[in-house]
Structures are given as structure tokens and as C-alpha cells.
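Every chain is numbered from 1 and lettered A, B, ... according to where its sequence line falls, protein lines coming before strand lines. What's counted below: heavy atoms across the whole structure, side chains too, no hydrogens, waters or symmetry copies.
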There are 2 protein chains.
Amino acid sequence: MALDDRKKQVLQAIVDDYVTTYEPVGSKALIERHDFTVSSATLRNEMAELERMGYIEKPHTSAGRIPSDKGYREYVNSLLKVDTLTEEEREEITDRVTDSVNEVTDLLRNATNALSEKTGYISLAMTPRFKDSYLSQLKILMIEPGKALVVVVLSAGVVKDRLVRIPNFITDAQMFDISTAVEHALSGMPLDEITLVTVASSLKGSKIPESLLNQVIFEAYTAIKQAERLDMYLEGEHRMLSLPDFHELSRARDLLGTLSKDGLVAGYVNEMESSKAQSGSKDTYMVRIGQEIALEGLSDCSFVTTTYNVGDTLSGNIGVIGPKRMEYSKVISQINFVRKVVNDEIRKLTE
Amino acid sequence: MALDDRKKQVLQAIVDDYVTTYEPVGSKALIERHDFTVSSATLRNEMAELERMGYIEKPHTSAGRIPSDKGYREYVNSLLKVDTLTEEEREEITDRVTDSVNEVTDLLRNATNALSEKTGYISLAMTPRFKDSYLSQLKILMIEPGKALVVVVLSAGVVKDRLVRIPNFITDAQMFDISTAVEHALSGMPLDEITLVTVASSLKGSKIPESLLNQVIFEAYTAIKQAERLDMYLEGEHRMLSLPDFHELSRARDLLGTLSKDGLVAGYVNEMESSKAQSGSKDTYMVRIGQEIALEGLSDCSFVTTTYNVGDTLSGNIGVIGPKRMEYSKVISQINFVRKVVNDEIRKLTE
DNA sequence: ATTAGCACTCAACACTTTCGAGTGCCAAAT
DNA sequence: ATTTGGCACTCGAAAGTGTTGAGTGCTAAT
């Protein structure tokens, strides 16, 4: 059932040609562009065989072949040689990604920008999954009567905050008490163990009448939960319109429509990640091809993802979405390098 | 030079028909769909006249007429009757815009979402212009050695913050001194009078060696300037792909390409706004049509904007971008209502 | 001023033809 | 047992050809 050497060669040639031309490739074209030692007739036989095995398919009877999902999969798994970037490319990426970075979010935004422009496809990055994180500090800062800023510092030094409205009559001093009480009770606690009840019970001994606290408690809780939320940066949707793959408007519409649905892609990536963790996969990158992507509207696309780390426990994803016919070797080398730069930079930020 | 009544009627009918059908409208079709008391031949004469005057044009010799930019302009200026929203629509918009709002930014995000979905076009909202704002409070909160959060509170109660890196050896107490010194010196100062020099001089009398302060000064300054930055929320790009107007892929590409250029549209809206302020225009909304929009890639579009207010001095914009052939009356009524809801809600937030 | 009528225009559509790159298969060659 | 040249066949894409119909402008009659 495994492919012999020549079949591999043929498949590789077909994918390579199809990626560059977006035209079904026939036996004759194949001979012309590559130096096979056999004739076109032999290739025809090989191609017929490959088709029977499901690696390639014909758009219609009298056309050349295009790779099937399975064909791309084989290509990515065993035929692909990953590009090496030139020194200039490395430098440019490094410069762009590390440009005026103060927080992880800056970094992610830069990374998506650079990746999208360099690849010519869509790029995305997700904020770290904070589920495995714990609360390091919590400060409530009075801004003016009735308004306060809840600052949540998570392990790994990530800071999130949220402006909240509180009862007007709570004073600076009272708020300070509340703040220290909550922080004392919750700091060090894993984020997913924090519930409305934990927050409330942290204020049991407080001198302030419980009835006044409800809103504060709720807002503090919401702020913590909001810090947990996955945000996603997305860049370069418009680039897809330049690709012939999306000349058929309905495809572009489906793709962009799906991408615009808030949280849908983020949720999917997150799921993907946890299933990967289960299966114990060790690769630095991951490729999903066509139908393998369980998202309506992305079945004509491929999705390359990689994982960056924040500290020892936290991680997030960076990805590229392009046509199935994407330049895998370039994309993979670029995303891998971006991942490295991001990891290095995060280390600097959180050292 | 002004249009007589019948010409106005004809122009209005042409725009109305073209907006709904996206097909050049001819004399016969006009008669069929509207009850004119004259024959098609008369309309032909009127249409020839309207064409000579520049209000309508022919895509080709034997086709019907479509409105020119000038025609749309006339339509918007004097022919348009603005829709009134149904009670359900009002309710839906109010609900969506005011859903879980803590800050102005939440509100703007909600507003763009609602507007884009309700109109079916692209919607955008810009954070308020803070140039006329002044600094109300500035707090620097130590997070851990080497890391601090600069919290900037502007007039009108808008809060922005930024995580910064500072020299490791600055202590909590020192930072507190710095923070109060800077706040004392700068609070009440108009944002655009704050420069690196003003910030630096606020720390003249401080006990901390000047050499250590440079980074803190710079970061605080950057944080303030960042608070001034105009952010823009954009929603619904993908909806344009469903409109026949953008079936020609190159148009969609141009449009989305321009919109994706960071700051370009925001800068333009800002400019527009200040020129409007100069000319003393009092309308609650403003319409830019086709070539009137000085942005490459938007010349097939129209741009409806309105202004919301934060407190007495601050303002920002909300807008809708659609095809020239947009349903002006609906869009205008919707954007006007959104403006009202946003204004009311901001008043509640900042009261 | 309005209108009926007519000759004219031209995009859109349907239909045909041609072309060529592609295929599968078979019989001969290695 | 492969490989290969050859050949008949397929079928989409491109180019050419009518036909149709909604549109126009113009003129002469109302």
C-alpha cells in the first residue's frame, strides 16, 4: 500500500507544479518541467495508479490531475523539504516581530502582521490559554467614586485589567481593604478554581457590610474571568482575494464569513490543541488540510499552526490559513521562525 | 440650473429603482414601476436632459441610466426621506448596543456589530479624539520589580493603561513618589500640551537621581501619548462580497485592501471631521459619495458618518461604508439611532 | 409640450465550431 | 514484465455567429 519511489516522485512533482500554476497537471507537462527518465505514457500509468489509490483526482475526464486531500497529506508528511530562510528574511521577521513590544499582545499583533505579509496568506495568533494559570496579584484601584480599575496579574507576569462600576459610596480606604482581602484569599489560586463563591468567601471577615459588596465581588470575578478569555488576532483576509483559488466569489465569502464569526476559529484552534496534547504529538508545527478542518467554509483551505510558550505552563497558538495549494515549505519555515522569535521575546518580557 | 419637479421625480425614481435592482433603468421600466402621468417618450426626453446635466449616465449606448455621483448627491441632499425605525428595530438595536457595557470601547464594539448586521454593509467606529482632552489622573502601579502599570485617566472619565518596563532597582516607595510627582505636575493639563519635556520637568525636585528616571519618564510619556491614539473598530467586511456591486473581484480587493491598511481610514475620518467642524456644518450625519471620498479603493462606495459625544468636549465617529447604491434612508435612520443610543449610554457611563 | 412610431444600438445569451491538452488502452519493443 | 509509441476519444475553453430585447434618439403628428 505504501508508495514506491517513483510514485512519490510523481506525486511530489504534481503537487509542486499545481502549487505554482493552479492548473491541473498532465503527463506531458510533467515530462517537460521535470527530468523524468521515463516517457509520458509511463507517467500516465503511474498517475492512473495514484488516482486509484486516492492521492490525486481529475476535475473532469480530459483534464490533468490535481492532488486530493490525501495527496497533500502525503506530500506534507513525507515529501516536503522545509525551506531554510535567508539571513535577510530572518532579520526582517525578527525586526518586525520585536518592534516596540511591551506586552505579549503587542508581540502577537506584530507576529500576525509579519506572517501574513511574508506568506501572502491569512495569519492569526491567539492569546495564551490561561486555564492552567494562577492568580498572582489582584489590585482594585479607585479611579473616582463609583469607578474602579481591577488589575489582574497572572502567573507568567501577564497583566489584564478592566474598568468596573461600583457603588458610589465605597471609599478609597474601604476599597483598599477589599482589595487586599481578595488578593490575600485568592493569590496563588489556579484560575479555573476561582468561582463567584470563592471570591465572595474571601470577604467573609471583612468589616464592610456584605450587602454592599455584591457588586464589587461580581465585578472582580468578571474581571478575572475576562482575563481568562481567549482573544484572537487575525490579519490579511483581503490577501485571499488575490489568489485564483478564491476567484469563485462564493468561496471567498464562505471563508471570510466563517472567519468573522467571533470566537469560532479561536474555539476550534483551542480544541485542536487539546486533542494534540492528548495524542502526545511532538512536532513543532501541525498541518490541517481541507476536510480535516472541521469548520464550515475552510474546507478549501489548509491550516498551519504552531505553539508558543509563556513561562513553563502557558501556551498559545500562531497559525496561517491559506489555500490547500499553499507553499507549505515556505509557510512552515516562516511560521517556525516566527515561533522562535516570539518565544525568545516572551522570555525576555517575563524574565 | 435647478431641477424642476418632474426631473426630481424622475431622478428619485431612477435612484430608487437602481438601488433595489442594481440594473440600469430605462424609460419603459420606469413607467411600469411608478405611476407617471406621462409616456415613456417624455421620460426619455427628461432623462436625456438629466444626462446632459450630469445627474445620470449610461454604462453603454443601448442601456438604461444609472445615477452619477452628482445624481446620488442630489438624491441625498434633497430627495431623500429618512426612514423611521419600527419599535422592534429600536429595541433590538438598543439591546445589542447596550449589552454588557463597561467602557466606551465595549459600546463601540457593540455598535459596529449591530450596525453592520442591521445594514448589511461595513460599519466602523472610532475611539474619541482625545486631543481636546486633559489629563485627570496618572497612577503608576508597581507590579513587580522591573514592571509597572501606568494608568492614565482622562477627562470625561476615560481610562487607558499600559504595561511598561522600568529599571529593576526602583522600589515601590520610589515609584509612589514618582507617580505622585508626575500626577501633581500634569493633572489638569491638556493632552496636547504634554511633551517629553513637561513630563521630565515635573520630576525636577524629586529625590531620585535623574539618571534613573529617564526610562520611567519616557514610558509614562508614551503611555499618555498612546492614550491619545485613535483606535478603530471595523466590522462586516465579508458582507460586501455578497453584494453584486463587488462581484468584480478587483473592486472587493481594492476595498478590503484599503480598509486593512492600519490607520488609513481612521486618519481620513479624522480629517473629514475637522474640515466639517471648520465649515460649521450642523447635520447629525454626513454622507460622502464615490469620488468625494479621497481614499483609493473607496471610489465605488459611499460613506455615512455621524458623531457621538463624550462629555462636553470629546467626540468620536461612527460610520457605515457601503456601495454608492446603498439604501441611504435605512442606513441614515439606523446610524442616527445608534448614535442616540451610544450618546445616552456614554452619558450613563460618565455621569 | 407631449407622444406614437420607427430605425438603430448593443449587451447578453444561446448555439456552434475549433482547438488542444489531456486521457486510456493496445500492440510492439526492450 | 516494463516501457513506450501511437491512436482514438473526451471535453473544457475560446472564439465565432445569430438572435433577442430592452434600451436609445429622432421625427412627425397631436
Side-chain angles (χ1 to χ4, degrees), chain A residues 3-11 13-18 20-68 71 244-245 247-249, chain B residues 3-11 13-18 20-68 71 244-245 247-249:
Chain A
L3 296 178
D4 61 50
D5 271 7
R6 196 170 62 193
K7 283 206 182 53
K8 282 188 183 174
Q9 252 182 66
V10 173
L11 178 57
I14 290 175
V15 175
D16 282 340
D17 277 16
Y18 187 64
T20 55
T21 64
Y22 190 54
E23 244 150 49
V25 355
S27 52
K28 214 167 170 183
L30 220 42
I31 290 279
E32 270 169 30
R33 264 195 293 262
H34 302 79
D35 20 75
F36 282 101
T37 56
V38 294
S39 78
S40 67
T42 310
L43 289 190
R44 279 205 287 286
N45 291 330
E46 291 285 40
M47 287 162 82
E49 184 81 6
L50 278 170
E51 185 175 4
R52 221 166 305 127
M53 298 168 81
Y55 291 99
I56 56 181
E57 48 199 30
K58 281 185 287 199
H60 53 262
T61 330
S62 75
R65 307 303 216 291
I66 62 173
S68 66
D245 311 60
H247 267 22
E248 205 157 334
L249 210 42
Chain B
L3 296 177
D4 62 48
D5 270 7
R6 195 169 61 193
K7 282 204 183 54
K8 281 189 184 176
Q9 252 182 65
V10 175
L11 178 57
I14 290 175
V15 175
D16 282 340
D17 277 17
Y18 186 64
T20 55
T21 64
Y22 190 54
E23 247 152 46
V25 357
S27 52
K28 213 166 169 183
L30 221 42
I31 291 278
E32 270 169 32
R33 263 195 293 263
H34 302 79
D35 21 76
F36 282 101
T37 56
V38 294
S39 78
S40 66
T42 310
L43 289 190
R44 279 204 289 284
N45 291 330
E46 291 286 39
M47 287 162 82
E49 184 81 5
L50 278 170
E51 185 174 3
R52 220 167 306 127
M53 299 168 80
Y55 291 99
I56 55 181
E57 48 200 30
K58 282 184 285 199
H60 54 262
T61 329
S62 73
R65 307 302 215 290
I66 62 174
S68 66
D245 310 62
H247 267 22
E248 206 158 332
L249 209 42

d([atom1], [X]; [atom2], [N]) in whole Å:
X        : N       : atom1 : atom2 : answer
Glu23(A) : dA13(D) : CD    : P     : 10 Å
Arg52(B) : dC26(D) : CZ    : C1'   : 13 Å
Glu51(B) : dC26(D) : CD    : P     : 11 Å
Leu50(A) : dG24(C) : CG    : C1'   : 16 Å
Glu32(B) : dG23(D) : CD    : C1'   : 13 Å
Leu43(B) : dC26(D) : CG    : C1'   : 17 Å
Leu30(B) : dT24(D) : CG    : P     : 9 Å
Arg33(B) : dA22(D) : CZ    : C1'   : 12 Å

Compare the minimum distances between each of [options] and the side chain of [X], then state the nucleotide with the smallest one.
X        : options                   : answer
Arg65(B) : dG25(D), dT9(C), dT3(C)   : dG25(D)
Thr42(A) : dT9(C), dT3(D), dG22(C)   : dT3(D)
Lys58(A) : dG23(D), dG25(D), dG24(C) : dG24(C)
Asn45(A) : dG24(C), dA21(C), dT4(D)  : dT4(D)

Just to be sure I understand the rule, does Ala63(A) reach a base, reach only the sugar-phosphate, or reach nothing, if contact means heavy atoms closer than 4.0 Å?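 Answer is sugar-phosphate: Ala63(A) comes under 4.0 Å of backbone atoms only.
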
Which sits closer to the 5' end of DNA chain D, Arg44(A) or Met47(B), going by the nucleotide each is nearest to?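 Nearer the 5' end of the strand: Arg44(A).
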
Value rounded to 0.5 Å, distance of OG in Ser68(A) from CE in Met53(A):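 Rounded to the nearest 0.5 Å, the OG-CE separation comes out at 11.0 Å.
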
Quick one: pull up CZ in Arg65(B) and OH in Tyr55(B) and give me the separation to the nearest 0.5 Å.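 It is 15.5 Å, given to the nearest 0.5 Å.
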
What I want to find out is whether Lys7(B) reaches Asp4(B) closely enough, with some N-O distance under 4.0 Å, to be called a salt bridge.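 Salt bridge present between Lys7(B) and Asp4(B).
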
Return yes if some donor-acceptor pair links the side-chain N/O of Thr21(A) with the main-chain N/O of Asp17(A) below 3.5 Å, else return no.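 Present.
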
Residue whose closest nucleotide on DNA chain C lies nearer the 5' end, Arg6(B) versus His60(B):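 That would be Arg6(B).
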
If you find the nucleotide of DNA chain C closest to Thr61(B) and the one closest to Ser39(B), which residue's nucleotide is nearer the 5' end?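 Comparing both residues, the 5'-ward one is Ser39(B).
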
Are the side chains of Glu46(A) and Val38(A) in touch, meaning some heavy atoms are under 4.5 Å apart?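 With C-beta onward as the side chain, the pair stays apart.
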
OP1 or OP2 of dT24(D) sitting under 4.0 Å from any side-chain N/O of Ser27(B)?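 Yes, Ser27(B) has a side-chain N/O under 4.0 Å of OP1/OP2 on dT24(D).
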
